[in-house]
Amino acid sequence: MKFKTFAMFVGPSVVLMLLFIAFPLVSVFINSFQVTNPVFQTQEVETCTPGFLTQTCTTEVKTIPVLDDDGDPIRVTEWVGFGSYANVLGGQRAIDAITSLDFGALLRIDFWKALRFTLTFTLITLPLVLGLGLAIAIVVNNATRTVKGPVIFVSLLPFIITPVIGALSIRWLFYGDGIVTVWLEALFNTNLSVAANGWAIEFLMMFYRVWHVAPFAFVIFYAGLQTVNQDTLESAIIDGASRWERLRYVVIPHLMPLIVFITLIHLMDAYRAFEEVIGFSSESHRITLQYLTYDYLTPDDAGNRAVSSASASAMLTMIGVVVLLAAPLRRTWRDHRGG
């Protein structure tokens with residue numbers, strides 16, 4: 001009886017939770033296949049200017065939006081299929097660039113430009129976050145009790161700071177008359193402009209991501225180090241294993257589930273990077289897929305937003321996340337079944 005009551009309660013709750021999660025995704029998916037535009041009409045407008053004896057009149061054809069009874073523009077929704085995806089991917093421009101192997105032309109298309117940087121940003125920062133986080137965790141784990149507390153506190157500061165504030169703090173060190181820029185100019189006796197160099201901005205964005213996320217990896221690894229079997233470590237020491245061999249053959253295999261967990265979190269988070277573009281004002285040099293979606297949603301001079309293109313960009317971003325997560329998720333599933 002208790003089980004039936006529990007099932008009656010859990011069943012609808014699970015369905016409601018799935019609907020709550022799926023409804024926004026379904027909405028974005030549907031919007032990516034349709035375009036909503038205002039209705040326009042052409043109208044002849046006669047403009048007359050007074051003259052000495054007669055007035056001079058000119059007739060112009062103007063395009064004006066059709067308004068409803070409340071004075072709001074009338075909009076119609078048109079089913080365009082994969083047209084929005086083709087528009088985001090670059091359409092014929094992308095096909096011509098790919099067939100001619102002109103990757104420079106391909107990277108001038110916003111989507112491919114954003115995809116190149118997003119993948120580079122994600123895959124380069126991942127091993128750096130894992131390596132730095134593990135190094136900090138090992139150092140703290142071997143430190144004396146008197147210095148552990150302060151070291152942990154200082155190590156966590158970058159992760160505690162709000163992302164945009166952290167990005168701005170790094171930016172102010174290098175942009176304009178930043179302290180580091182002034183030092184470099186005095187050292188090399190030249191003028192530097194970091195904001196004008198795309199590769200310099202890209203390096204700073206990656207540096208910020210590693211600086212900001214490595215403390216998260218440190219906390220996870222430090223917790224995992226507390227569970228390492230000390231008997232196994234002592235046996236390795238007795239067998240003559242060096243510190244590197246103990247790390248490679250004992251510690252890292254023990255921490256592998258945590259490495260996969262951090263990898264999953266970082267891939268999802270870095271592939272959806274957005275704060276870096278805003279914090280470093282890199283729109284003219286480097287953009288991410290998440291920023292591209294935001295840019296499509298920004299109203300133009302007429303107040304219109306490319307909702308369909310934004311939805312298509314969001315769906316393509318989601319597909320990219322799934323592809324990146326396939327390998328670590330497969331390993332997780334294999335380890336789970338093996339366990």
Side-chain angles (χ1 to χ4, degrees), residues 114-141 152 154-171 201-227 247-248 251-280 282 286-294 313-336:
L115 178 63
R116 197 286 305 169
F117 172 69
T118 303
L119 286 174
T120 304
F121 178 81
T122 302
L123 298 179
I124 289 181
T125 56
L126 174 60
L128 296 176
V129 166
L130 291 173
L132 184 59
L134 180 58
I136 298 174
I138 292 174
V139 170
V140 173
N141 189 57
I152 292 176
V154 172
S155 300
L156 290 178
L157 278 178
F159 190 65
I160 297 173
I161 298 174
T162 305
V164 174
I165 302 300
L168 289 175
S169 64
I170 300 296
R171 168 184 172 167
I201 295 175
E202 184 167 340
F203 171 79
L204 288 181
M205 294 168 76
M206 292 183 183
F207 173 78
Y208 161 72
R209 172 61 64 161
V210 175
W211 175 80
H212 176 65
V213 181
F216 168 74
F218 150 64
V219 171
I220 302 299
F221 283 138
Y222 181 70
L225 289 175
Q226 310 311 306
T227 63
L247 176 65
R248 180 180 177 183
V251 176
I252 291 182
H254 177 78
L255 297 177
M256 189 55 64
L258 299 180
I259 293 175
V260 174
F261 170 74
I262 296 172
T263 299
L264 287 171
I265 298 298
H266 180 78
L267 289 177
M268 288 187 292
D269 194 38
Y271 198 80
R272 296 178 288 108
F274 179 79
E275 296 89 353
E276 286 82 356
V277 179
I278 301 300
F280 290 94
S282 66
R286 300 292 186 268
I287 59 174
T288 61
L289 291 173
Q290 193 81 341
Y291 179 84
L292 181 63
T293 302
Y294 165 79
S313 176
M315 293 304 301
L316 291 171
T317 303
M318 190 180 306
I319 293 172
V321 172
V322 172
V323 171
L324 281 179
L325 296 183
L329 284 176
R330 182 181 179 184
R331 179 185 178 88
T332 303
W333 174 252
R334 187 173 65 247
D335 293 344
H336 175 73

Would you indicate whether the side-chain heavy atoms of [Y] and [X] approach each other to under 4.5 Å?
X: L255; Y: I220; answer: no
X: T288; Y: F121; answer: no
X: E275; Y: T162; answer: no
X: W211; Y: L132; answer: no
X: I138; Y: F221; answer: no
X: I136; Y: Y222; answer: no
X: I161; Y: S169; answer: no
X: I170; Y: F280; answer: yes

ring-ring contact (aromatic ring centres under 6.0 Å, His included) against H212, all qualifying residues, sequence neighbours excluded: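 F159, Y208.
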Restricting to non-hydrogen atoms, name the atom on [X] and the atom on [Y] that form the minimum distance, rounded to 0.1 Å.
X: P158; Y: S155; result: CD-O, 3.4 Å
X: G133; Y: A217; result: CA-CB, 4.0 Å
X: S313; Y: T293; result: OG-OG1, 2.9 Å
X: L247; Y: P253; result: O-CD, 4.3 Å
X: T122; Y: L324; result: CG2-CD1, 4.3 Å

Criterion side-chain contact (heavy atoms from CB on, under 4.5 Å) on L204 and E276, from CA distance to verdict: CA-CA 9 Å; L204 288 181; E276 286 82 356; over 6 Å; no
Check against side-chain contact (heavy atoms from CB on, under 4.5 Å), H266 and L130: CA-CA 10 Å; H266 180 78; L130 291 173; over 6 Å; no
Parallel, tilted or perpendicular: rings of F216 and F261 (30°, 60°):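 Rings of F261 and F216: tilted, 30 to 60°.
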For L115, all residues meeting side-chain contact (heavy atoms from CB on, under 4.5 Å), sequence neighbours excluded: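 Listed in chain order: F111, W112, L119, Y271, L289.
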Under 3.5 Å: donor-acceptor pair, side chain of R272, backbone of M268: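 Such a contact is found between R272 side chain and M268 backbone.
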L168 vs R171, side-chain contact (heavy atoms from CB on, under 4.5 Å): CA-CA, chis, key distance, verdict: CA-CA 5 Å; L168 289 175; R171 168 184 172 167; 4.2 Å; yes
